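What follows is a set of notes on a single structure, which appears directly below.
Each chain gets a letter, A, B and so on, in the order the sequences are listed, and its residues count up from 1. Since the structure is predicted, the reported quantities are computational estimates derived from the model, not experimental observations.
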Number of protein chains: 2
Amino acid sequence: MATIKDVAARAGVAPSTVSYVLSGSRKISEDTRHAVQAAIEELGYHPRASARTLRSARTRVLALAAPRVPGAYRAIDGRFAIDVTDAARGHGYDVLLMTDSDGVGGLRRVARSRLADAAVLMAVEDRDPRVEVLHELGFPAALLGHDDHAALPWTDLDWEAAVALAVRESVAAGHRRMLFLSSAEHEVAARRGYALHGLDGARRAAAETGADVRVVPSHRDPDILARRLNEALTARPVPTALIVQHLILLPRLLDTVAAAGLRVPHHLTVVLVGSLPDELGTRHLPRIDLPVAEMSTAVARLAIDAIGSGRDDGPPSSQEPAGAGASTRPSDAPHHLIQPQMAGPVIAPPPGRP
Amino acid sequence: MATIKDVAARAGVAPSTVSYVLSGSRKISEDTRHAVQAAIEELGYHPRASARTLRSARTRVLALAAPRVPGAYRAIDGRFAIDVTDAARGHGYDVLLMTDSDGVGGLRRVARSRLADAAVLMAVEDRDPRVEVLHELGFPAALLGHDDHAALPWTDLDWEAAVALAVRESVAAGHRRMLFLSSAEHEVAARRGYALHGLDGARRAAAETGADVRVVPSHRDPDILARRLNEALTARPVPTALIVQHLILLPRLLDTVAAAGLRVPHHLTVVLVGSLPDELGTRHLPRIDLPVAEMSTAVARLAIDAIGSGRDDGPPSSQEPAGAGASTRPSDAPHHLIQPQMAGPVIAPPPGRP
DNA sequence: CGAATCAATCGAATCGATTCGACAAACGGG
DNA sequence: CCCGTTTGTCGAATCGATTCGATTGATTCG
């Protein structure tokens with residue numbers, strides 16, 4: 001309830017002096033500073049965010065746009081939300097959580113009412129309407145995950161390298177025939193980066209190693225998924241490794257493997273790609289964890305950096321390398337591509353090999 | 001970039017008139033209203049949140065305090081965050097997401113800088129320091145989940161009824177010997193409501209039905225959990241049903257069941273209590289879903305209702321029923337206790353029974 | 001026909017900070 | 001000893017809305 005005026009009165013100075021003590025933007029004598037700080041302590045003063053924002057045009061808030069929830073909820077998203085929030089706090093920013101239950105309406109509203117300084121978008125889709133809206137409003141933003149079209153800063157795991165690594169490590173353990181449980185068809189159709197790049201990684205590693213890698217597309221319906229998997233597991237020649245990128249239905253999946261009479265890892269090695277660290281009790285399987293913390297830190301940073309350099313619509317700087325302006329070509333946007341690492345137990349050899 | 005002045009100028013009226021058109025708090029003639037609305041459209045005007053808040057002392061923001069993340073992340077929390085956000089939006093509120101990486105510091109900061117009008121706390125613990133801070137600051141709040149001590153509005157699934165229902169339904173399906181995989185010991189020690197009430201429900205239903213219900217406390221270490229479960233599954237007389245309240249390590253748990261040579265549901269029926277709707281592919285098991293949407297709607301409502309009646313420290317109203325002031329006794333706080341419902345397939349009978 | 005009533009709108013104060021120019025006192029140099 | 005500089009602080013304008021009285025016509029009633 002105390003305001004800057006109360007503090008000033010108590011310390012016997014002008015309000016502006018209190019402000020300078022707080023911001024440190026002008027030199028204040030030792031004595032005055034102590035008097036002001038004492039008054040602040042005694043009154044339990046804390047500046048009102050709204051007044052600060054009104055004057056300075058800075059909210060110190062990031063809008064975090066959670067992904068649409070298409071039937072199946074993604075366990076991963078909450079974790080990202082928390083880690084992004086922590087990362088933002090590290091830079092003095094708070095996080096406003098937004099769903100897209102009203103489509104892009106929420107983002108537009110938050111941007112125009114100046115509730116936030118920048119946005120972080122989760123689970124960006126190809127030709128994502130949110131990206132267009134932000135661009136239209138000239139609102140700074142950064143993306144968690146990416147596809148190759150959006151001309152905004154982004155961070156992501158290198159999914160191609162990740163799946164390729166899983167395949168190569170399986171081959172190194174002696175496996176020659178394996179299944180790759182890829183993203184569901186609707187994710188491929190939506191041209192999600194992780195779906196496309198994951199497939200690329202599997203194909204590339206198969207070609208490089210000469211291994212027999214059969215792709216099984218996942219499906220959001222667990223029964224269909226179970227049927228597909230069961231067919232692939234029993235088709236000859238019998239696969240000895242299962243690389244899983246689509247983890248949403250993991251329990252059901254392991255159930256299916258067990259139902260086929262296969263023990264893990266004795267008959268079949270299961271390798272996860274993009275698992276959430278420590279999540280869902282997957283620690284007993286060899287895997288490539290999704291670097292949630294690293295991605296969150298990076299995206300918060302990218303979003304905050306974008307605030308200063310908000311779109312100024314000026315003529316493109318002549319310092320630029322030849323071609324279009326800095327943020328026009330997707331490949332020019334700042335980004336942070338993270339390299340995969342294996343975690344967990346080593347990959348078991350195929351049956352019949354020591 | 002347009003302000004209320006610009007709109008006023010364009011419509012040929014005073015700024016206050018524009019404000020009244022927007023708020024509807026005074027009568028405005030048809031003609032003027034249309035002129036103002038046209039000007040708003042043409043300029044793409046949207047009121048600045050900070051200016052509004054500064055004047056009206058209302059942020060229209062709820063602070064959502066995410067639970068501490070103790071090693072294992074809870075898949076459930078992200079879902080709650082999203083649903084609470086949607087529910088808040090339904091009342092015209094936005095949601096500021098807070099972690100407790102700096103303990104209660106975040107809440108205190110948000111409350112004192114007036115970034116939010118009220119708080120929603122997730123996963124409240126016994127003698128939760130956050131509750132004390134909010135009380136000390138006189139900050140309105142509501143809780144997701146509850147224990148019997150906090151004198152704040154709350155909502156929760158009736159965990160005692162839920163576990164009791166799972167036991168009774170299992171008995172009705174013919175089971176006489178079952179395991180109850182309860183919350184982990186550290187959760188009981190923290191006196192979490194769901195842990196205590198769940199145990200009560202199991203005991204009560206066991207007494208009522210005369211069934212043999214053995215309690216197996218979960219454990220955050222999956223290896224310890226697996227060992228405990230394995231012992232209980234193989235102890236004589238052999239249990240025919242497994243009721244699971246602690247779902248965090250579910251995949252590993254089903255793995256353990258399979259490793260014991262037990263097929264679900266043929267040898268052993270697994271019933272889940274408090275599973276997340278559609279989450280993790282648990283739809284093939286009989287279960288009691290956690291009513292996330294219902295709880296979220298309720299808690300948003302409770303928090304918003306608490307804003308109006310913010311602590312006024314005045315003398316207790318004489319309209320009150322005899323006894324202490326309205327918010328002094330925990331049992332007096334408004335709340336919303338949700339009754340459990342079975343979902344999914346019917347519970348399979350024990351082996352040897354048709 | 002003048003006074004009272006009512007509807008619609010205006011003007012100005014206000015919320016609580018930030019920030020710029022002005023100003024007084026202290027200081028140093030010539 | 002006077003003037004220019006530096007140091008520290010003050011005062012006032014400002015950010016963009018809300019809201020309360022005051023004001024202006026139009027209308028009604030006696």
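Protein chain A touches strand DNA chain D; the 5'-most and 3'-most nucleotides with an atom under 4.0 angstrom of its non-hydrogen atoms are D:dG8 to D:dG16.
Nucleic acid contact class of A:S29 (heavy atoms, under 4.0 Å, all strands): sugar-phosphate only. Using a 4.0 Å heavy-atom distance criterion, A:V13 is classed as a sugar-phosphate-only contact.
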Which pairs would a plain distance check flag for residues 111-121 of chain B, meaning a side-chain donor or acceptor within less than 3.5 Å of a matching protein atom at least two apart in sequence or in another chain?
{"unit_1": "B:S113", "atom_1": "OG", "unit_2": "B:R109", "atom_2": "O", "d": "2.8"}
{"unit_1": "B:R114", "atom_1": "NH1", "unit_2": "B:A111", "atom_2": "O", "d": "3.1"}
{"unit_1": "B:D117", "atom_1": "OD1", "unit_2": "B:T59", "atom_2": "N", "d": "2.9"}
{"unit_1": "B:D117", "atom_1": "OD1", "unit_2": "B:T59", "atom_2": "OG1", "d": "2.9"}
{"unit_1": "B:D117", "atom_1": "OD2", "unit_2": "B:T59", "atom_2": "N", "d": "3.1"}
{"unit_1": "B:D117", "atom_1": "OD2", "unit_2": "B:T59", "atom_2": "OG1", "d": "3.2"}
{"unit_1": "B:D117", "atom_1": "OD2", "unit_2": "B:R60", "atom_2": "N", "d": "2.8"}

Quick one: side chains of residues 82-93 of chain B, donor-acceptor pairs under 3.5 Å with protein atoms, not counting sequence neighbours, listed by atom name and distance.
{"unit_1": "B:T85", "atom_1": "OG1", "unit_2": "B:A81", "atom_2": "O", "d": "2.7"}
{"unit_1": "B:D86", "atom_1": "OD1", "unit_2": "A:T99", "atom_2": "OG1", "d": "2.5"}
{"unit_1": "B:D86", "atom_1": "OD1", "unit_2": "A:S101", "atom_2": "OG", "d": "2.8"}

Side-chain atoms of residues 34-48 of chain B: list all donor-acceptor pairs with protein atoms under 3.5 Å, sequence neighbours left out, distances to 0.1 Å.
{"unit_1": "B:H34", "atom_1": "ND1", "unit_2": "B:E30", "atom_2": "O", "d": "3.3"}
{"unit_1": "B:E42", "atom_1": "OE1", "unit_2": "B:R10", "atom_2": "NE", "d": "2.6"}
{"unit_1": "B:E42", "atom_1": "OE1", "unit_2": "B:R10", "atom_2": "NH2", "d": "2.7"}

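At least one donor-acceptor pair under 3.5 Å links the side chain of A:T53 to the backbone N or O of A:R58.
Residues from residues 31-39 of chain A lying near DNA chain C, meaning a heavy-atom separation below 4.0 Å, are absent. Within residues 3-11 of chain B, the residues having any heavy atom under 4.0 Å from DNA chain D are, by residue number, B:T3, B:I4. For DNA chain C, the neighbouring residues in residues 40-59 of chain A, judged by any heavy atom under 4.0 Å, are A:Y45, A:H46, A:P47, A:R48, A:A51, A:R52, A:L54, A:R55.
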What does the list of N/O pairs under 3.5 Å between the protein and nucleotides 20-23 of chain C look like, with a distance for each?
{"unit_1": "C:dC20", "atom_1": "N4", "unit_2": "A:Y20", "atom_2": "OH", "d": "2.2"}
{"unit_1": "C:dG21", "atom_1": "N7", "unit_2": "A:R26", "atom_2": "NH2", "d": "3.3"}
{"unit_1": "C:dG21", "atom_1": "O6", "unit_2": "A:R26", "atom_2": "NH1", "d": "2.4"}
{"unit_1": "C:dG21", "atom_1": "O6", "unit_2": "A:R26", "atom_2": "NH2", "d": "3.1"}

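Distance CG/B:L144 to CG/B:L64: 7.5 Å, rounded to 0.5 Å.
Shown here are the side-chain hydrogen bond (donor to acceptor under 3.5 Å, both in side chains) partners of A:R55, two or more places apart in sequence or in another chain: there are none. Qualifying side-chain contact (heavy atoms from CB on, under 4.5 Å) partners for B:E294, counting only residues two or more places apart in sequence or in other chains: B:P291, B:H336, B:I338.
One axis for each end of the helix from C:dC1-D:dG30 to C:dG30-D:dC1, each built from five base pairs, and the angle between them comes to 60° at 10° resolution.
Atom P of nucleotide C:dA8 and atom CD1 of B:I28 are separated by 8 Å, given to the nearest angstrom.
Residue pairs meeting the side-chain hydrogen bond (donor to acceptor under 3.5 Å, both in side chains) criterion with at least one partner in residues 15-28 of chain B, sequence neighbours excluded, are B:S23-B:S25.
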